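Predicted model only: the values in this text are computed from it and were never measured. Counting convention: from 1, in listed order, for ligands and their atoms alike.
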Amino acid sequence: MTDQVNPKDYPGKDVYAVIGNPIAHSKSPLIHEIFANQTNQAIHYGRIFSELNEFKKTTLEFFECGGKGLNVTIPFKLQAYELAQHKTLRAQSAKAANMLWVENGQWWCDNSDGEGLTRDLRRLLKERDASLSGISVLLLGAGGAAQGVIEPLIGAGVASISIANRTHEKAEALVQQFSELASKAKMTLKVMSLTALTDPQTHPASYDLIINATAAGLSDVSPISKDVLRAIVHPDTLAYDMVYGKETCFMQDAKALGILVVDGLGMLVEQAALAFETWRKLDLQKTPLDINGALAAVRASY
Ligand code: ATR
């Protein structure tokens, strides 16, 4: 059985966990504990470390011992997606899963990351009397994290998404993947080369929202220079970095330029809320989760 969570140790409680490698830093147990307290749910939520080549074995053991659901994090989101027999539409769109559970003996997966981001963005924009509808978005990065947010952003009614990535071909592949959806939604989805970003011939004067979905921050660099960033923002541009738990160079540059910049902690809380809602089958119209309260508590825990 897994080292960290054996559902048999928690009789009378539904047991959930987050699985990843590494996993010790994960705030998911804290977030789910907060939601469980807010809604009086008797659950236990723990952490599971899995060796890189033992993901399937570890998850099987968890569910065989009565585990109810797993959140999946780096580097197992693709494996979780492939393991499940049933994949929700949003998991299919992201081609990755951050939720895995068993229902009537069948494996299900879902992906709440993208919707977690759009919920967080809606909350942030509402505070400024703005919305996602009709805005121009620059998406930096074309890996798994970027892929998972394109459909939810299109669904939220943004006017345009320009994707810029170090490896140009990966941005092109993403545009191709979502081009039909974009044209149905009558919005613009295009590739932007990093060098063209500061060329007034090829880019709009500025973007309303710039999302850093690259892993660059983890190596203490920004995908774009501060000068480039300066050239493509306006005073109300929102800069969003999906990374949390540290201030990235991208965030530092945006701050220095005086624009609003936020990390991905709100997205983390929102994707957890979506998983909690799915698994606990609660009527959240009647008892909505206190997202701001959860976010404040998680921030205070750093
Ligand atoms: P994730 O699932 O977190 O998105 P990934 O699929 O490995 O991880 O993608 C990482 C993304 O960060 C990619 O867009 C990558 O650019 P490349 O496609 O060119 O590899 C981007 N990235 C990582 N390090 C970067 C850096 N130092 N500068 C710019 N982009 C970087």
Residue from F35, Y16, Y45 passing ring-ring contact (aromatic ring centres under 6.0 Å, His included) with F276: F35
Is the closest side-chain heavy-atom distance between Y240 and V137 below 4.5 Å? no
Does E51 offer a backbone N or O that forms a donor-acceptor pair with the side chain of N21 under 3.5 Å? no
Is the closest N or O pair between P223 and ligand 1 shorter than 3.5 Å? no
Would you say that V261 contacts D241 through its side chain, given a criterion of any heavy-atom pair below 4.5 Å between the two side chains? no
For atom 12 (O) of ligand 1, what's the nearest protein heavy-atom neighbour? Residue, atom name and distance, please. A215 N, 2.9 Å
Please check: side-chain N/O of Q38 versus main-chain N/O of D290, any donor-acceptor pairing under 3.5 Å? yes
State, with a plain yes or no, whether a side-chain heavy atom of Q271 is found less than 4.5 Å away from one of L268. yes
For G141, atoms of ligand 1 separated by under 4.0 Å from a heavy atom: 14 (O)
G144 to ligand 1: N or O pair under 3.5 Å? yes
Please could you name the atoms of ligand 1 that V221 approaches to less than 4.0 Å, counting only its heavy atoms? 27 (N)
Of all protein heavy atoms, the one nearest atom 14 (O) of ligand 1 is N165 OD1, 2.7 Å
Hey, which atoms in ligand 1 end up nearer than 4.0 Å to a heavy atom of A145? 1 (P), 2 (O), 4 (O)
For atom 21 (C) of ligand 1, what is the closest protein heavy atom, and at what distance to 0.1 Å? T214 CB, 3.6 Å
Do the numbers put K87 on top of the ring of Y81, so that NZ or CZ is under 6.0 Å from the six-membered ring centre and no more than 45° off the axis? yes
List ligand 1 atoms under 4.0 Å from K170, heavy atoms only on the residue side. 17 (P), 18 (O), 20 (O)
Strictly under 4.0 Å, does any heavy atom of S219 approach an atom of ligand 1? no
Would you mind reporting whether L189 and I163 have side-chain heavy atoms less than 4.5 Å apart? yes
Looking only at protein heavy atoms, which one is nearest to atom 9 (O) of ligand 1, and how far off is it? G143 CA, 3.4 Å
Residue and atom name of the nearest protein heavy atom (relative to atom 19 (O) of ligand 1), distance in Å to one decimal: T167 OG1, 2.5 Å
Nearest-0.5 Å distance, CG of residue D263 to CE of residue M251: 4.5 Å
Please report whether atom 7 (O) of ligand 1 has a protein non-hydrogen atom at a separation of less than 4.0 Å. no
Do any nitrogen or oxygen atoms of R166 come within less than 3.5 Å of a nitrogen or oxygen of ligand 1? yes
